[in-house]
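Below you'll find the structure, written out as structure tokens, and then a few comments.
In this text, all values refer to a predicted model and were calculated from it rather than measured experimentally. Just so you know, ligand 1 is whichever comes first in the structure, and atom 1 is the first atom listed for that ligand. One-based numbering along the sequence shown.
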Amino acid sequence: MLAVDLPRRWRHVRSVARRARWVAKQLALSEDLVVAAWLHDIGYAPELVETGFHPLDGARYLRRIGVDAHIVSLVAYHSCAQIEAEVRGLGSELVAEFAPAEPMLTDALLYCDMTTGPDGDYVRPAHRLVEIRGRYGPDHEVTRFVERAASEILTAAARVEEMLPGQPR
Ligand SMILES: [Fe+2]
């Protein structure tokens, strides 16, 4: 769904999944992390765009096709999506529709997403936030989200970083 129309996004997703596999192994986490990593940005697929907020559109699609609810929640709330939902006026919809995701896997998925740049390369989380702001520009909802969520994103990423021997990978 992403490979044809959004090849750059797809490159990012493949690298997030690769990092998730490594993190899951290092920290003995459930395979759900890897599955969610593969699926986390599916809501960007043009055919799935409904609200234009990709965690919600992606999670709704995954629920529709019967994906396990734990995975769906990880996608719905990935990388502080609840904060971006609030910025977009979709906060209560997200919370009403999807159960909270497992905290450790949520942190681990955020770490994988926030250490993987748009082309799949390793980036420091703080750098990734700078890159996102630059890509979307000053007035965009995504930029407002990143500004509001920065400390939470960096704290969560640091929690995972501390547990990983000799990152990055
Ligand atoms: Fe995403």
Side-chain angles (χ1 to χ4, degrees), residues 1-21 23-24 32-65 67 70-91 93-95 97-98 100-103 105-137 140-150 152-157 160:
M1 284 176 160
L2 296 176
V4 175
D5 293 314
L6 300 167
R8 197 177 188 212
R9 181 66 60 183
W10 181 230
R11 255 198 314 278
H12 162 81
V13 167
R14 275 159 40 209
S15 289
V16 173
R18 193 180 325 121
R19 205 179 308 285
R21 194 173 311 125
V23 170
D32 285 0
L33 174 63
V34 184
V35 178
W38 277 111
L39 295 171
H40 78 285
D41 276 348
I42 196 169
Y44 281 115
E47 64 209 271
L48 301 186
V49 174
E50 207 178 299
T51 65
F53 178 49
H54 77 279
L56 182 58
D57 293 347
R60 281 177 175 170
Y61 167 74
L62 296 173
R63 184 179 52 197
R64 236 172 14 245
I65 64 166
V67 169
H70 294 109
I71 306 283
V72 174
S73 287
L74 284 166
V75 172
Y77 292 102
H78 80 265
S79 302
C80 292
Q82 75 284 359
I83 299 178
E84 184 169 350
E86 283 155 25
V87 169
R88 291 170 177 261
L90 292 166
E93 255 170 89
L94 190 70
V95 172
E97 286 188 37
F98 299 100
E102 203 277 308
L105 295 184
T106 302
D107 275 3
L109 181 56
L110 176 146
Y111 171 83
C112 296
D113 194 14
M114 288 298 150
T115 54
T116 305
D119 292 304
D121 46 320
Y122 174 86
V123 285
R124 307 245 347 125
H127 233 99
R128 173 100 160 103
L129 298 184
V130 172
E131 180 276 315
I132 293 171
R133 277 195 210 113
R135 185 152 40 96
Y136 286 93
H140 198 279
E141 283 162 327
V142 174
T143 301
R144 279 195 283 135
F145 150 65
V146 163
E147 277 157 7
R148 209 194 280 190
E152 197 167 326
I153 289 173
L154 296 176
T155 310
V160 178

The Fe ion (ligand 1): protein N, O or S atoms [distance under 2.8 Å] = D41 OD1, H54 NE2, H78 NE2

ask   = Does T143 use its side chain to pair, donor to acceptor, with the backbone of G137 at less than 3.5 Å?
value =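 Checked: pair present.
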
inquiry  = Could you walk me through whether T115 and R19 satisfy the side chain to side chain donor-acceptor pair (under 3.5 Å) test, starting with their C-alpha distance in whole Å, then the side-chain angles of each, then the deciding distance to 0.1 Å, before giving a yes or no?
reply    = CA-CA 9 Å; T115 54; R19 205 179 308 285; 3.2 Å; yes

message = If you apply the rule salt bridge (Lys or Arg N to Asp or Glu O under 4.0 Å), what do you find for E97 with R63, and how did you get there?
response = CA-CA 10 Å; E97 286 188 37; R63 184 179 52 197; 3.1 Å; yes

Only pairs under 3.5 Å count here: list side-chain donor-acceptor contacts from residues 43-51, not counting sequence neighbours, and write none if there are none.
residue	atom	partner	partner atom	Å
Y44	OH	H54	ND1	3.2
E50	OE2	R60	NH1	2.9
T51	OG1	F53	N	3.0
T51	OG1	D57	OD1	2.8

query = Is the number of heavy atoms from other residues, nucleotides or ligands under 6.0 Å of E152 CD greater than 12?
reply = no

key: Test side-chain contact (heavy atoms from CB on, under 4.5 Å) applied to V16 and H40, R21, R11, the passing residue   =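 Among H40, R21, R11, the one meeting side-chain contact (heavy atoms from CB on, under 4.5 Å) with V16 is H40.
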
